[in-house]
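See structure below.
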Amino acid sequence: MKKAIVTGANGFIGSHVVKELINQNVEVIAVVRSPKSNLIPLAGIKNIKTVYCDLSDIGYLIQKIKDRDIDTFYHFAWEGCAGHSRTNELIQTQNALWTTNSVKVAKELRCKKFVGAGSIMEKDTFSAVFKHENKPIKDYIYGASKLNAHCLSKTVAAQLDIEHVWGIITNAYGPGDCSPRFINITIRKIIHNEPLVFTKATQIYDFIYITDVAKAFYKIGTSGKPFCNYIIGSSNAKPLKQFIIEMQQTLAPKRELRFGTLPYTGGNISIDQFNTEEIEKDTGFSANISFSEGIIKTMNWYKDNLN
């Protein structure tokens with residue numbers, strides 16, 4: 001890979017992928033919403049070309065980008081990954097359409113491969129929605145849209161004859177992410193000495209540090225097989241309770257943990273759904289940062305930047 005486009009380049013995942021690509025001597029065209037967007041995540045990164053384009057106007061990239069020697073089109077731009085917009089069905093449905101439109105743009109720009117970013121919630125949503133008599137919770141609106149984006153973009157790519165690869169992220173975490181995700185919420189509770197109360201935490205989880213996520217996307221962009229989807233995880237999936245205990249022992253060994261206090265209304269993905277054998281076999285990727293090392297780095301960043 002010599003040249004790549006990255007949409008959502010100033011986002012948590014997109015910015016780290018940009019850094020990884022630059023480290024691998026890949027020329028990057030970074031696509032962000034507008035000149036008013038937060039460009040701090042891209043600060044200090046040399047040798048990138050920035051192009052401004054809103055997701056709703058993604059078709060204009062064909063006019064704004066003159067290059068026609070681009071190897072890979074990475075698509076990370078997604079409105080409402082966290083917060084209230086995550087459960088807005090109109091916004092989330094539109095994201096799926098924008099993803100599909102991005103495949104068409106990639107084809108027009110003569111890119112050889114389209115790489116999309118999925119979520120483990122795709123698998124959770126599928127099982128929850130089709131389970132007899134189950135009432136899906138509102139968080140599955142996001143998961144359903146990721147699944148929809150996966151299906152639509154892959155099908156359109158097949159019709160347009162452009163390679164399609166999909167990375168299904170388990171749970172990314174690390175410095176730079178301020179979203180209300182589990183790791184971040186728990187670290188904030190530890191820092192502010194708030195009670196550490198949880199559900200029974202028996203559901204299966206996997207967490208992968210952000211620099212490993214970036215390396216995985218580089219790998220599937222270069223070596224991923226066309227029309228395959230890859231689980232991007234640490235290869236160490238286990239019950240959430242075990243991760244919580246490791247966080248407590250690593251970050252706050254004197255703090256008390258209380259399990260079963262909060263209700264749990266989500267699903268429970270089987271451990272085989274977190275299998276990373278395919279990405280390891282096809283690309284040689286394996287995660288380098290252990291969970292304990294990753295959460296220490298993340299907590300230190302929180303203390304330096306947000307406390």
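Heads up: numbering here begins at 1 and tracks the sequence. Computed over heavy atoms, backbone and side chain alike; hydrogens, waters and symmetry mates excluded.
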Exercise. Which heavy atom of K64 sits nearest a heavy atom of V51, and at what distance?
Worked result: CB-CG1, 3.9 Å

Is a side-chain N or O of [X] found less than 3.5 angstrom from the main chain of [Y], in a donor-acceptor match?
X    : Y    : value
E280 : F285 : no
T87  : H84  : yes
D212 : N288 : yes
S85  : G80  : no
R255 : E194 : yes

With a 4.0 Å cut-off on N to O distance, would you call [X] and [Y] a salt bridge?
X    : Y    : result
K219 : D282 : no
K113 : D71  : no
K154 : E163 : no

Exercise. Step by step, would you call K49 with D67 a salt bridge (charged side-chain N to carboxylate O under 4.0 Å, His left out)?
Worked result: CA-CA 11 Å; K49 175 183 178 182; D67 309 60; 3.6 Å; yes

Side chains of [X] and [Y]: do they bring a donor and an acceptor to under 3.5 Å?
X    : Y    : value
H164 : S153 : yes
S270 : D272 : yes
Y52  : R33  : no
N171 : D206 : no

Exercise. Would Y205 and F243 count as a close aromatic pair, with their ring centres under 6.0 Å?
Worked result: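 No, they do not, as the ring centres are separated by 6.0 Å or more.
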
Exercise. Are F76 and F217 an aromatic pair by the rule of ring centers under 6.0 Å?
Worked result: yes

Problem set entry | Stepwise side-chain contact (heavy atoms from CB on, under 4.5 Å) check, H75 with T99 | CA-CA 7 Å; H75 184 62; T99 301; 3.5 Å; yes

Problem set entry | Close side-chain approach of I65 to I5, heavy-atom, < 4.5 Å |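 They are in contact (side-chain heavy atoms under 4.5 Å apart), so the answer is yes.
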
Kindly give the cluster partners of [X], where membership spreads through any ILVMFWY side chain lying under 4.5 Å from a current member.
X    : result
L262 : V197
L147 : F126, V129, F130
M121 : W78, I137, Y140, Y142

Exercise. Rounded to the nearest 0.5 Å, what separation is found between the CD atom of E20 and the OG1 atom of T211?
Worked result: 8.5 Å

For this session: Anything under 30° is parallel, anything over 60° is perpendicular, the rest tilted; go ahead and classify W166 against H150.
Result: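 Ring orientation of W166 relative to H150: parallel.
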
